[in-house]
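First listed ligand is number 1; within each ligand, the first listed atom is number 1. Model, not experiment: these values are computed from the prediction.
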Amino acid sequence: MVDEGSGAMQPWQRTAMGANLLSFDGSSPTGSLGVTIFEEMTSLATATGAINLGQGFPDEDGPEVIKDAARLAISNGANQYAPGKGFFNLRSAISRHQQRFYGLIPDPETEIIVTTGATEAIAASILALVSPGDEVITFEPFYDSYGAMIALAGGKHVTVQLKAPEFQPDLDELTEAFSDRTKVVLLNNPHNPTGAVFGANILERLVQLAHQYDAVIISDEVYEHLVFGAETVVPAHVPIATVPGAAERTLTISSAGKTFSLTGWKVGWLMGPADLVAAVRTVKQFMSYSSGPPFQNAIAQALELPDSYYTSVAATLKGKRDLLITGLKAAGLAPYTPAGTYFVNADATPLGVTDATALARALPELIGVAAIPVGVFCTPEGAKNYQSLLRFAFCKREEVITQAVDRLAGLGSAISTSGLLGSLK
Ligand code: PMP
Ligand code: GLN
């Protein structure tokens with residue numbers, strides 16, 4: 001259940017700790033306004049007319065039939081508060097989805113709650129489980145909300161580096177990251193921003209260590225259906241909750257945003273053992289309470305789409321991934337092929353650029369394409385290991401990627417004629 005902590009820290013102190021992280025100063029890659037890097041780069045792309053391969057959102061909506069279902073739900077009166085834990089039809093559709101794809105059967109009454117996107121599920125889980133001073137382990141780089149939420153909870157963020165080219169962690173370093181203070185290990189698989197899909201050996205070691213140190217696993221699996229079956233890693237998504245011994249201590253989080261290309265609907269969910277889910281629900285009810293009744297109804301239907309829908313999402317994205325990778329190579333960058341997600345990381349070092357943050361800021365003006373520097377997904381210490389990497393999103397129409405690739409082809413010469421090279425090192 002919710003741990004109240006020692007009571008040593010007042011709520012305002014907790015907020016102040018989070019605010020340190022959230023109110024970035026001008027020297028931070030995210031600028032002085034405290035906006036996320038995604039917002040900053042999207043604004044820059046809009047202002048310069050650049051193709052936005054920065055913020056990860058598709059430029060085509062999900063299935064028409066699901067949009068129709070939301071319209072119908074509005075007409076039929078699904079317009080007042082949904083229950084705090086979400087509509088039963090959605091919770092049972094989530095349970096059936098877990099059974100169909102992974103053989104898991106969470107109880108829709110006690111083991112699943114609907115959240116306002118995966119973001120709220122992540123926030124409520126961390127606030128429910130982490131007390132000031134507790135340690136939370138994530139891989140690095142990490143999705144930006146993890147660092148902010150750990151700070152807001154007063155937790156200590158411990159990171160384990162992912163190493164190119166496959167961005168898998170070293171098992172010894174993973175083991176060393178655990179301590180008696182470890183409360184939560186926050187996994188993201190498939191992984192944003194690197195596109196890594198973690199091997200069975202990593203998942204098994206994580207479960208074994210979580211047992212040894214009595215830690216809860218929070219597993220963010222929003223990209224569960226965006227897996228390409230790369231040759232060198234596991235071919236399809238394996239939820240960590242299916243690893244023997246994991247289910248009893250794992251909260252699994254996902255959302256409709258990526259799978260159904262409906263990121264703005266913010267329909268997410270969380271599942272796990274009843275006591276942990278109840279603890280998260282306690283916090284969640286004071287965040288949004290509940291949200292999006294018509295969207296919940298529509299996503300309940302979306303989850304029942306046939307297997308062919310899910311496989312076509314991955315297959316279409318795989319073609320776009322390969323198109324972008326070919327273009328990034330032609331531009332003189334060194335891309336790493338992702339096994340999942342809709343992001344590819346590319347090293348700018350072959351172009352003589354080692355400061356990808358400076359390059360990301362210059363890129364929209366320089367060649368009309370926006371990307372995100374991977375260093376912003378890092379702690380200040382960790383950032384140096386990723387400072388020459390840029391993340392490009394390929395969840396865009398093929399013609400848009402083709403146009404971006406055409407523009408990127410001029411990158412090397414644009415850098416040298418601009419005279420900027422000195423400031424990009
Ligand atoms: N986790 C990861 C790893 C993500 O990339 C995102 C991006 N959208 C989220 C969580 C947030 O998901 P949602 O939009 O459902 O809140
Ligand atoms: N998940 C998206 C990304 O990584 C962004 C979501 C957001 O803007 N907060 O690009």
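- In summary, the side chains of Glu140 and Thr159 do present a donor paired with an acceptor at a separation below 3.5 Å, with no hydrogens or angles considered.
- When Thr42, Asp144, Asn192, Thr341 are checked for heavy-atom proximity to atom 4 (O) of ligand 2, Asn192 turns out nearest.
- Partner of His237 under the ring-ring contact (aromatic ring centres under 6.0 Å, His included) criterion, chosen from Tyr102, Tyr223, Phe101: Tyr102.
- For Glu304 and Arg96, the salt-bridge test passes: some basic side-chain N is under 4.0 Å from an acidic carboxylate O.
- Between Phe139 and the choices Phe377, Tyr146, Phe198, the ring-ring contact (aromatic ring centres under 6.0 Å, His included) rule is met once, by Phe198.
- In this view, Thr175 and Arg205 satisfy the side-chain hydrogen bond (donor to acceptor under 3.5 Å, both in side chains) rule, not counting sequence neighbours.
- Ranking protein heavy atoms by distance to atom 8 (O) of ligand 2, first place goes to Gln55 NE2, 2.6 Å.
- Residue-ligand proximity: Met41 is placed with every non-hydrogen atom at 4.0 Å or more from ligand 2.
- The shortest separation from a heavy atom of Glu39 to ligand 2 is not under 4.0 Å, leaving the residue out of contact.
- Aromatic rings from Tyr213 and Phe178 are positioned such that their centres are separated by under 6.0 Å.
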Output, or 'none' if empty, a list of ligand 1-protein atom pairs in which both atoms are N or O and the distance is under 3.5 Å, rounded to 0.1 Å.
unit_1	atom_1	unit_2	atom_2	d
ligand 1	1 (N)	Asp220	OD2	2.5
ligand 1	5 (O)	Asn192	ND2	2.7
ligand 1	5 (O)	Tyr223	OH	2.6
ligand 1	8 (N)	Lys258	NZ	2.2
ligand 1	14 (O)	Lys266	NZ	3.2
ligand 1	15 (O)	Ala118	N	2.8
ligand 1	15 (O)	Ser255	OG	2.8
ligand 1	16 (O)	Ala118	N	3.1
ligand 1	16 (O)	Thr119	N	2.9
ligand 1	16 (O)	Thr119	OG1	2.6
ligand 1	16 (O)	Lys266	NZ	2.7

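- Under 3.5 Å, the side chains of Glu224 and Thr259 contain no donor-acceptor pair of N or O atoms.
- Under the 4.0 angstrom criterion for non-hydrogen atoms, Tyr143 is in contact with ligand 2.
- For the residue pair Ser288 and Glu120, a side-chain donor N or O sits within less than 3.5 Å of a side-chain acceptor on the partner.
- Shown here are the side-chain contact (heavy atoms from CB on, under 4.5 Å) partners of Tyr289, two or more places apart in sequence or in another chain: Gln285.
- For atom 7 (C) of ligand 2, the nearest non-hydrogen atom of the protein is Phe38 CD1, 3.6 Å.
- Short contacts between ligand 2 and Phe343, defined as distances under 4.0 Å to a heavy atom of the residue, involve ligand atoms 3 (C), 4 (O), 10 (O).
- Val243 meets the side-chain contact (heavy atoms from CB on, under 4.5 Å) test with Leu203, Glu204, Val207, Ile240, Ala246; sequence neighbours excluded.
- The atoms of ligand 2 that sit less than 4.0 Å from any heavy atom of Lys258 are 1 (N).
- For Gly56, a nitrogen or oxygen atom sits less than 3.5 Å from a nitrogen or oxygen atom of ligand 2, counting backbone and side chain alike.
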